[in-house]
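Heads up: the structure comes next, in structure tokens.
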Amino acid sequence: MHFPGRFADQLVAEELAQVSLSFLVDDLVVRRGGAGANIAFAMGVLGQRPVLVGAVGADFEDYRSWLERHGVDCSGVHVSEVAHTARFVCTTDDEFNQIASFYAGAMAEARNIELAPVVRARGAGLVLIGPNDPMAMLRHTDECRQRGYRFAADPSQQLARLSGEQVRRVVDGADYLFCNSYEWGLLRHKTGWSAEEVQRRVGVRATTLGADGVEVVDERGVLHVPVVPERERADPTGVGDGFRAGFLTGVACGLSLERAAQLGSLVAVHVLEVTGTQEWRLNNGRALDRLAGAYGAEAAADIAPLLP
């Protein structure tokens with residue numbers, strides 16, 4: 001929602017001990033979101049068949065239809081009998097200050113989901129464990145290690161909630177570790193591990209650096225991949241999810257880490273240039289032109305078979 005004014009003008013310093021305010025907003029937009037759904041949606045657009053696992057409410061049916069139309073298998077989604085789907089409600093004023101609330105709702109039931117039945121029914125080349133109910137993240141990471149499933153750790157927004165010991169449990173043994181530059185510093189602070197100690201515990205670390213691109217690190221060294229230049233900046237929400245989807249699609253289809261990061265950057269810039277995390281569209285010809293302009297004709301040719 002948008003409030004046509006300044007929140008600060010409505011706050012009286014002497015009355016902050018008891019705040020009771022109502023803001024008359026002039027706009028309301030409801031958008032689809034959620035890290036897991038954003039990543040699955042983008043992988044579906046790229047021609048993959050990702051399986052979404054999580055907990056939702058009965059209000060999920062319209063969203064389910066949308067995701068399934070875009071190639072997402074929702075058979076692993078648990079529907080709560082008592083709670084609504086998690087949602088983030090935010091009001092922004094004219095100076096881009098925000099007052100927001102996050103309702104976890106059915107997300108808390110994700111801790112009751114076992115991965116094994118989903119993997120047996122649908123298969124899994126890799127399990128991506130993204131930001132979710134903290135107990136669910138820990139349970140699913142432990143299950144991956146116990147059952148020998150390859151997994152990627154993407155704690156992102158939940159790093160602030162997890163303890164140092166819990167972060168170590170989520171990260172240790174991951175084939176891939178995703179984070180942004182701030183989260184990378186927070187992760188090292190919470191775990192007490194150095195960059196070298198983290199690297200000994202994961203296969204590949206991909207750290208997004210905003211406009212400075214992405215840093216991909218494995219046992220062979222450090223690779224820096226610049227961004228695809230943006231044409232406009234509409235909304236940064238979900239850009240990291242877009243990168244993860246492109247990168248994982250590239251890896252799953254046999255691209256090198258460099259090419260996978262370039263595909264991830266292509267998807268990320270498409271998300272950045274629209275308002276909403278799943279409103280972007282990929283035009284094959286224009287996408288190849290942008291890849292060639294950013295990384296060269298050879299890179300575009302290597303990635304071209306993965307574009308719809």
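When reading the values below, keep in mind they use all heavy atoms of this one structure, side chains included, and skip hydrogens, waters and symmetry mates. Nothing here was measured: the structure is a model prediction, and the numbers come from that model.
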[X] atom [atom1], over 12 foreign heavy atoms within 6.0 Å:
{"X": "His189", "atom1": "NE2", "value": "no"}
{"X": "Leu24", "atom1": "CG", "value": "no"}
{"X": "Glu298", "atom1": "CD", "value": "no"}
{"X": "Arg147", "atom1": "CZ", "value": "yes"}
{"X": "Arg49", "atom1": "CZ", "value": "yes"}
{"X": "Glu81", "atom1": "CD", "value": "no"}

I would like to know whether Thr275 and Val29 meet side chain to side chain contact (heavy atoms under 4.5 Å, CB included); could you show each step before the answer?
CA-CA 10 Å; Thr275 301; Val29 180; over 6 Å; no

Listed once per pair and sorted, the side chain to side chain donor-acceptor pair (under 3.5 Å) pairs that draw on residues 21-32, sequence neighbours left out
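For residues 21-32, and leaving out neighbouring residues, the side chain to side chain donor-acceptor pair (under 3.5 Å) pairs sorted by first residue read His2-Asp26.
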
Applying side chain to side chain donor-acceptor pair (under 3.5 Å), which residue pairs with at least one partner in residues 128-140 are found, sequence neighbours left out?
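Every pair satisfying side chain to side chain donor-acceptor pair (under 3.5 Å) with a residue in residues 128-140: Arg111-Asp133.
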
If you look at every heavy atom in [X] and [Y], which pair is closest and at what distance?
{"X": "Leu272", "Y": "Glu230", "value": "CD2-OE1, 3.4 Å"}
{"X": "Gln158", "Y": "Pro134", "value": "NE2-CD, 3.8 Å"}
{"X": "Arg188", "Y": "Ala195", "value": "CD-N, 4.0 Å"}
{"X": "Asn38", "Y": "Gly33", "value": "OD1-CA, 3.6 Å"}
{"X": "Val225", "Y": "Ala261", "value": "CG2-CB, 3.8 Å"}
{"X": "Ala300", "Y": "Ala292", "value": "CB-N, 3.8 Å"}

Does [Y] offer a backbone N or O that forms a donor-acceptor pair with the side chain of [X] under 3.5 Å?
{"X": "Asp94", "Y": "Gly5", "value": "yes"}
{"X": "Glu109", "Y": "His78", "value": "no"}
{"X": "His224", "Y": "Asp212", "value": "yes"}
{"X": "Asn284", "Y": "Pro308", "value": "yes"}
{"X": "Asp59", "Y": "Thr85", "value": "yes"}

Are Val89 and Met1 close enough, and set up right, to give a side chain to side chain contact (heavy atoms under 4.5 Å, CB included), and what steps lead you there?
CA-CA 8 Å; Val89 182; Met1 292 171 283; 3.7 Å; yes

Residue pairs, two or more places apart or on separate chains, that pass salt bridge (Lys or Arg N to Asp or Glu O under 4.0 Å) and touch residues 236-246
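Of all non-adjacent pairs touching residues 236-246, those that pass salt bridge (Lys or Arg N to Asp or Glu O under 4.0 Å) are Asp154-Arg244.
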
At what distance, to the nearest 0.5 angstrom, does [atom1] of [X] lie from [atom2] of [Y]?
{"X": "Ser265", "Y": "His270", "atom1": "OG", "atom2": "NE2", "answer": "12.5 Å"}
{"X": "Thr208", "Y": "Glu183", "atom1": "OG1", "atom2": "CD", "answer": "7.0 Å"}
{"X": "Leu263", "Y": "Asp302", "atom1": "CG", "atom2": "CG", "answer": "11.5 Å"}
{"X": "Asp93", "Y": "Arg6", "atom1": "CG", "atom2": "CZ", "answer": "7.5 Å"}
{"X": "Arg168", "Y": "Glu165", "atom1": "CZ", "atom2": "CD", "answer": "6.0 Å"}
{"X": "Cys253", "Y": "Arg259", "atom1": "SG", "atom2": "CZ", "answer": "15.0 Å"}

With sequence neighbours excluded, what pairs up with Glu273 under the side-chain hydrogen bond (donor to acceptor under 3.5 Å, both in side chains) test?
Arg290

Quick one, Leu186 with Val167, criterion side chain to side chain contact (heavy atoms under 4.5 Å, CB included). Give me CA distance, side-chain angles, the key distance, then yes/no.
CA-CA 10 Å; Leu186 181 60; Val167 177; over 6 Å; no

Below 4.5 Å, heavy atoms only, C-beta onward: do [X] and [Y] meet side chain to side chain?
{"X": "Asp235", "Y": "Glu279", "answer": "no"}
{"X": "Leu307", "Y": "Leu291", "answer": "yes"}
{"X": "Leu67", "Y": "Tyr63", "answer": "yes"}
{"X": "Leu46", "Y": "Leu282", "answer": "yes"}
{"X": "Ile303", "Y": "Tyr295", "answer": "no"}
{"X": "Pro50", "Y": "Ile39", "answer": "no"}
{"X": "Val269", "Y": "Val227", "answer": "no"}
{"X": "Phe41", "Y": "Thr277", "answer": "no"}

Quick one: sort the Phe178 and Phe247 rings into parallel, tilted or perpendicular, breaks at 30° and 60°.
perpendicular

Do the ring planes of Phe3 and Phe7 sit parallel (below 30°), tilted (30 to 60°) or perpendicular (above 60°)?
parallel

Same cluster or not: are [X] and [Y] linked, directly or through other Ile, Leu, Val, Met, Phe, Trp or Tyr residues, by side-chain heavy atoms under 4.5 angstrom apart?
{"X": "Met135", "Y": "Met137", "value": "yes"}
{"X": "Val214", "Y": "Val228", "value": "yes"}
{"X": "Val267", "Y": "Val274", "value": "yes"}
{"X": "Val202", "Y": "Leu126", "value": "no"}
{"X": "Tyr176", "Y": "Tyr149", "value": "no"}

Pair [X], [Y]: side-chain N/O donor-acceptor within cut-off below 3.5 Å:
{"X": "Arg169", "Y": "Gln166", "result": "no"}
{"X": "Glu215", "Y": "Trp184", "result": "no"}
{"X": "Arg145", "Y": "Thr141", "result": "no"}

Going by side-chain contact (heavy atoms from CB on, under 4.5 Å), name the residues that satisfy it together with Glu197, two or more places apart in sequence or in a different chain.
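With sequence neighbours excluded, Glu197 shows a side-chain contact (heavy atoms from CB on, under 4.5 Å) to Trp193, Ser194, Arg200, Arg201, given in chain and number order.
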
Below 4.0 angstrom, N of the basic side chain to O of the carboxylate: do Glu61 and Arg64 qualify?
yes

Under 4.0 Å between a side-chain nitrogen and a carboxylate oxygen: does that hold for Arg120 and Glu114?
no

Go through the structure and list residues passing ring-ring contact (aromatic ring centres under 6.0 Å, His included) with Phe88, not counting sequence neighbours.
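With neighbours one apart ignored, the set is empty.
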
Checking side chain to side chain contact (heavy atoms under 4.5 Å, CB included) for the pair Met43/Leu248: CA distance, chi angles, key distance, verdict?
CA-CA 8 Å; Met43 294 186 75; Leu248 291 173; 4.2 Å; yes

Of Leu162, Val198, Thr207, Val170, the residue whose pairing with Leu187 passes side chain to side chain contact (heavy atoms under 4.5 Å, CB included)
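Going through Leu162, Val198, Thr207, Val170 one by one, the side chain to side chain contact (heavy atoms under 4.5 Å, CB included) with Leu187 is satisfied by Val198 alone.
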
Single hit among Val127, Val118, Val77, Val72 for side chain to side chain contact (heavy atoms under 4.5 Å, CB included) with Val51:
Val118

